[in-house]
Amino acid sequence: MKHALPTLTYDYDALEPYIDAKTMEIHYSKHHQAYVDKLNGVLDKYPELQEKKAEDLLKDLDKLQVSDADRNAIRNNGGGYVNHSFFWTMMGPKKEIDQKLTEEVTKTFNSFEEFKKLFSDTAASRFGSGWAWLVRDGAGKLVVYSTANQDSPLSQGHTPLVCLDVWEHAYYLKYQNRRPEYIDNWWHVFKLL
Ligand code: MN
């Protein structure tokens with residue numbers, strides 16, 4: 001079984017003017033596709049791993065019977081594949097508020113505004129390339145943090161609930177070095193809370 005790009009449920013220009021169509025096109029059809037292709041390339045060597053879901057490869061990353069170089073390639077490209085597939089579902093032209101999650105976030109972080117500030121600050125201060133996350137940790141608690149590169153919270157036993165890509169490829173065409181402005185604007189197309 002080869003992994004494949006998920007279908008985008010909206011057009012490249014659906015998130016304009018906050019996320020521009022060109023960025024969406026390149027991000028999805030080039031960057032995301034490259035992670036899928038490279039993951040499939042590594043897995044060519046391991047037929048038994050091709051049957052597993054990419055999420056499960058990330059959950060079991062430390063236990064996989066693979067070389068260190070291939071483990072690293074699965075971390076990076078499996079992470080790139082899974083993280084982006086999830087990221088596209090965070091956004092849309094219409095709000096699809098998750099009422100239950102909204103209530104839990106409000107309760108945990110005192111208000112939606114406080115959550116938003118913590119999440120935005122976490123995304124802005126990630127050094128270099130990476131992601132900001134809201135996750136449910138192993139104890140069931142909601143936590144905000146960031147990861148480097150394409151590292152997935154799944155690899156530390158956490159369940160991702162919200163993610164934001166802060167790699168430069170996610171915003172550079174429109175925002176250049178203005179990552180905080182990209183983050184502020186991203187909330188306009190974030191649909192869950
Ligand atoms: Mn990306």
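Numbering of ligands and ligand atoms starts at 1, following listing order.
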Query raised in the report: Is the backbone N or O of L64 less than 3.5 Å from a side-chain atom of D60, with the two atoms forming a donor-acceptor pair by type?
Result: no
Query raised in the report: Should the pair D98-K191 be classified as a salt bridge under the 4.0 Å nitrogen-to-oxygen rule?
Result: no
Query raised in the report: Quick one: side-chain hydrogen bond (donor to acceptor under 3.5 Å, both in side chains) pairs with a partner in residues 124-134, sequence neighbours left out?
Result: R126-S146, W131-Q150, W133-T147
Report task. Could I get the full list of ring-ring contact (aromatic ring centres under 6.0 Å, His included) partners for H169, not counting sequence neighbours? Result -> H27, H31, H84, W167
**Report entry** D11 side chain to D13 backbone, donor-acceptor under 3.5 Å
**Finding:** no
Report summary line: The protein N, O or S atoms lying under 2.8 Å from the Mn ion (ligand 1) are H27 NE2, H84 NE2, D165 OD2, H169 NE2
Query - Contacts of type ring-ring contact (aromatic ring centres under 6.0 Å, His included), residue F115, not counting sequence neighbours - result: F109, F119
